Amino acid sequence: MDFFYRSKQWYAGQFVRKVTPKFTVPENAVSFFTTVLNKIKPILLSVLVRNVDKTFKSIRIELPITADKTIDFDFISAFMDDIKAERIAALTSYFKANGLMHDEKCDENQSPIEIPVGIQWKEYRMGDLFDRIKTNKLPYKAKDLPAEARNEYVLPCLTSSFNNQGLNYYAPYSGATVLKDVITLPSNSDVYRAYYQSSEFTVLSDAYAIDWKYDNRKLTREQYLFMVMCINKVTDRPIYSHKNKLGGWNVVRNKKIKLPVANGEIDFAFMHDLISAIEKLVIKDVVDYTSR
């Protein structure tokens, strides 16, 4: 259960609720109210579905107020503007430090993506491409672990959740199998979505990690990202859910995915170049945004 701001027309399906403010909210203050509402999720998740509406109306939230006891929209707007400016400054510093502010490959008159005509695709069995990684079983349950890093609990833990790439809890490094630069999949979930994990983590429950084994090649980050999308074409489908489970690696390893090929071999160069080109376009958009 999450609260999102919708600025465009949308359709609410079953079990979706619309919360409309009874007052005018400045556009730059919307994120503040969304965050406040998301703070009450634990309360709403603890009641039966039929009682959610009644419970929501009874919950009291805290907001900054003026001297005359009205909501201080000026403070909220200024506060959110400060946060936005801080984030943009951090982005700009990152781009400058990495030489991305004036990347000639991102010239607005030049498209970095050139898709070859007639790309060939070939099916590969997942178990022939990847191996499941064995990990130590941790003596923790998700409910007992912090949702934010603190003290010695600083290693992200993988579960079946599809929020934050499945990494929503933290455990100590001691006794954990530390992984990095691998693909992860849930084994018991509502959504069977694969992710590329570029930072250190460990496996906690209801999920697993797989690594490339097809040849002695070390895949680049871009190639992993490309393959993740190919995998999700097979696993991240609406027919699978908690009630209609896809299953774990014993099932997934026999699924077949399509990869681009050149001269009968997997076209690793194309995968790397395509993802790199997409990244350049995205970075250019962000640079333009921060510049404005």
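This is a predicted model, so every value here is computed, not measured.
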**Q** Between Met227 and Leu259, is any pair of side-chain heavy atoms under 4.5 Å apart?
**A** yes
**Q** I'd like to know if the side chain of Ser46 reaches the main chain of Ile43, judged simply by a donor and an acceptor atom lying under 3.5 Å from each other, with no hydrogens or angles considered.
**A**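 Yes; at least one donor-acceptor contact below 3.5 Å.
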**Q** Once rounded to the nearest 0.5 Å, what's the spacing between atom CG of Leu204 and atom NZ of Lys141?
**A**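 Rounded to the nearest 0.5 Å, the CG-NZ separation comes to 11.0 Å.
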**Q** Can you give me the closest heavy-atom contact between Gly264 and Tyr124, atom names plus distance?
**A** O-OH, 4.3 Å
**Q** Asp206 and Ser187: side-chain hydrogen bond (donor to acceptor under 3.5 Å, both in side chains), yes or no, with the steps?
**A** CA-CA 5 Å; Asp206 295 323; Ser187 55; 4.7 Å; no
**Q** Would you please test Thr24 and Phe73 for side chain to side chain contact (heavy atoms under 4.5 Å, CB included) and show each step?
**A** CA-CA 10 Å; Thr24 301; Phe73 288 108; over 6 Å; no
**Q** With Ile210 as reference, evaluate Leu129, Leu185, Asp131, Thr184 under the side chain to side chain contact (heavy atoms under 4.5 Å, CB included) test and give the passing residue.
**A** Leu185
**Q** Would you indicate whether the side-chain heavy atoms of Thr235 and Arg193 approach each other to under 4.5 Å?
**A** no
**Q** Applying side chain to side chain contact (heavy atoms under 4.5 Å, CB included), can you list everything that pairs with Lys180, at least two apart in sequence or on another chain?
**A** Glu200
**Q** Going hydrophobic residue to hydrophobic residue with side-chain gaps under 4.5 angstrom, can you get from Ile83 over to Val25?
**A**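 Yes; Val25 is reachable from Ile83 via cluster members.
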**Q** Heavy-atom distance under 4.5 Å between the side chains of Phe23 and Ile71, does that happen here?
**A**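 Side-chain contact under 4.5 Å: yes.
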**Q** So which heavy atom on Leu179 is nearest to which on Val182, and how close?
**A**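 Closest pair (atom of Leu179, atom of Val182, distance): CB-CG2, 4.3 Å.
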**Q** What's the separation between atom CG in Asp273 and atom CD in Glu222, rounded to the nearest 0.5 Å?
**A** 9.0 Å
**Q** Is the backbone N or O of Met271 less than 3.5 Å from a side-chain atom of Gln223, with the two atoms forming a donor-acceptor pair by type?
**A** no
**Q** Taking the six-membered ring of Tyr170 as reference, does the cationic atom of Arg150 (NZ for Lys, CZ for Arg) lie under 6.0 Å from its centre and within 45° of its axis?
**A** no
**Q** Report yes if the distance between the aromatic ring centroids of Tyr192 and Phe162 is under 6.0 Å, otherwise no.
**A** no
**Q** Kindly indicate whether the side chain of Met126, heavy atoms from C-beta on, has any atom under 4.5 Å from the side chain of Lys256.
**A** no
**Q** Answer yes or no: is there a side-chain heavy-atom contact under 4.5 Å between Val178 and Thr202?
**A** no
**Q** Has Thr70 got a side-chain atom pairing as donor or acceptor with Thr66's backbone, closer than 3.5 angstrom?
**A**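 It does not hold such a pair.
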**Q** Between Ser241 and Asp190, does the side-chain hydrogen bond (donor to acceptor under 3.5 Å, both in side chains) criterion hold? Intermediate values first, please.
**A** CA-CA 4 Å; Ser241 65; Asp190 289 328; 5.8 Å; no
**Q** In residues 51-65, what donor-acceptor pairs under 3.5 Å come from side-chain atoms, sequence neighbours left out?
**A**
| from | atom 1 | to | atom 2 | distance (Å) |
| --- | --- | --- | --- | --- |
| Asp53 | OD1 | Arg17 | NE | 2.5 |
| Thr55 | OG1 | Asn51 | O | 2.8 |
| Ser58 | OG | Thr55 | O | 2.7 |

**Q** What residues, two or more places apart in sequence or in another chain, satisfy side chain to side chain contact (heavy atoms under 4.5 Å, CB included) together with Ser198?
**A** Asp181, Tyr196
**Q** Are the side chains of Thr34 and Leu37 in contact, using a 4.5 Å heavy-atom criterion?
**A** no
**Q** With sequence neighbours left out, write down each residue that passes ring-ring contact (aromatic ring centres under 6.0 Å, His included) with Tyr173, or none if nothing qualifies.
**A**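 In terms of ring-ring contact (aromatic ring centres under 6.0 Å, His included), with neighbours along the sequence ignored, Tyr173 is linked to no residue.
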**Q** Which atoms form the tightest heavy-atom contact between Ala194 and Asn232, and what is the distance?
**A**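 Nearest heavy atoms, Ala194 then Asn232: N-OD1, 2.6 Å.
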**Q** Would you say Asp68 has more than 12 foreign heavy atoms packed within less than 6.0 Å of its CG?
**A** yes
**Q** Under a 3.5 Å cutoff, is there a donor and acceptor pairing between the side chains of Asn188 and Ser160?
**A** no
**Q** Using side-chain hydrogen bond (donor to acceptor under 3.5 Å, both in side chains), reason through Tyr224 and Asp211 one step at a time and then give a plain yes or no.
**A** CA-CA 10 Å; Tyr224 267 121; Asp211 200 12; 2.6 Å; yes
**Q** In this structure, would Phe201 and Leu145 fall into the same cluster of hydrophobic residues linked by side-chain contacts under 4.5 Å?
**A**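 Different clusters: Phe201 never reaches Leu145 through Ile, Leu, Val, Met, Phe, Trp or Tyr contacts under 4.5 Å.
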**Q** Hydrophobic cluster membership, with links at side-chain heavy-atom distances under 4.5 Å among I/L/V/M/F/W/Y: are Val251 and Val203 in one?
**A**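 No, it is not one cluster - the side chains of Val251 and Val203 are not joined through contacts under 4.5 Å.
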**Q** To the nearest 0.5 Å, what is the distance between CG on Leu225 and CD1 on Ile275?
**A** 6.0 Å
**Q** Tyr214 vs Phe130, test: side chain to side chain contact (heavy atoms under 4.5 Å, CB included). Steps then yes/no.
**A** CA-CA 7 Å; Tyr214 185 72; Phe130 299 93; over 6 Å; no
**Q** Once ring-ring contact (aromatic ring centres under 6.0 Å, His included) is applied, do any residues pair with Phe4, and if so which ones, sequence neighbours excluded?
**A**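 Result, ring-ring contact (aromatic ring centres under 6.0 Å, His included) vs Phe4: none returned.
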**Q** At what distance, to the nearest 0.5 angstrom, does NE2 of His272 lie from CZ of Phe270?
**A** 12.5 Å
**Q** Tell me whether the count of non-hydrogen atoms from other residues, nucleotides or ligands lying under 6.0 Å of CZ in Phe79 goes above 12.
**A**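 Not more than 12 within 6.0 Å, no.
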**Q** Which heavy atom of Ala207 sits nearest a heavy atom of Arg132, and at what distance?
**A**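 Residues Ala207 and Arg132, closest heavy atoms: O-NH2, 4.3 Å.
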**Q** Looking at every non-hydrogen atom in both residues, tell me the closest pair between Asn136 and Ala176 and how far apart they are.
**A** ND2-C, 4.3 Å
**Q** Using atom types as modelled and distance alone, determine if a side-chain donor or acceptor of Lys122 lies under 3.5 Å from a backbone N or O of Glu265.
**A** no
**Q** Would Val228 and Val191 show up in the same hydrophobic cluster when neighbours are defined by side-chain heavy atoms closer than 4.5 Å?
**A** no
**Q** Is Asp267 reaching over with its side chain to a backbone N or O of Pro260, donor-acceptor style, under 3.5 angstrom?
**A**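 Absent.
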**Q** What pairs with Tyr140 under side chain to side chain donor-acceptor pair (under 3.5 Å), at least two apart in sequence or on another chain?
**A** none
**Q** Would you indicate whether the side-chain heavy atoms of Trp212 and Lys218 approach each other to under 4.5 Å?
**A** no
**Q** So do Lys143 and Tyr169 actually touch side chain to side chain, heavy atoms under 4.5 Å?
**A** no
**Q** For Glu279, is there an ion pair with Arg221 - N to carboxylate O distance below 4.0 angstrom?
**A**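 Looking at Glu279 together with Arg221, the answer is yes, because their closest N to O distance falls below 4.0 Å.
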**Q** Begin with the C-alpha distance, continue with both residues' side-chain angles, and end with the deciding distance and a verdict on ring pair (Phe, Tyr, Trp, His ring centres under 6.0 Å) for Phe33 and Phe3.
**A** CA-CA 10 Å; Phe33 286 92; Phe3 290 88; over 10 Å; no
**Q** Specify the closest pair of heavy atoms between Lys255 and Leu246, including all atoms of both residues, with the distance to one decimal.
**A** CE-CD1, 3.8 Å
**Q** Linking I/L/V/M/F/W/Y whenever their side-chain heavy atoms sit closer than 4.5 Å, directly or via other members, would Leu158 and Leu138 fall into one cluster?
**A**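 Shared cluster, no.
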**Q** Tell me whether Lys39 at atom NZ has more than 12 heavy atoms from other residues, nucleotides or ligands lying less than 6.0 Å away.
**A** no
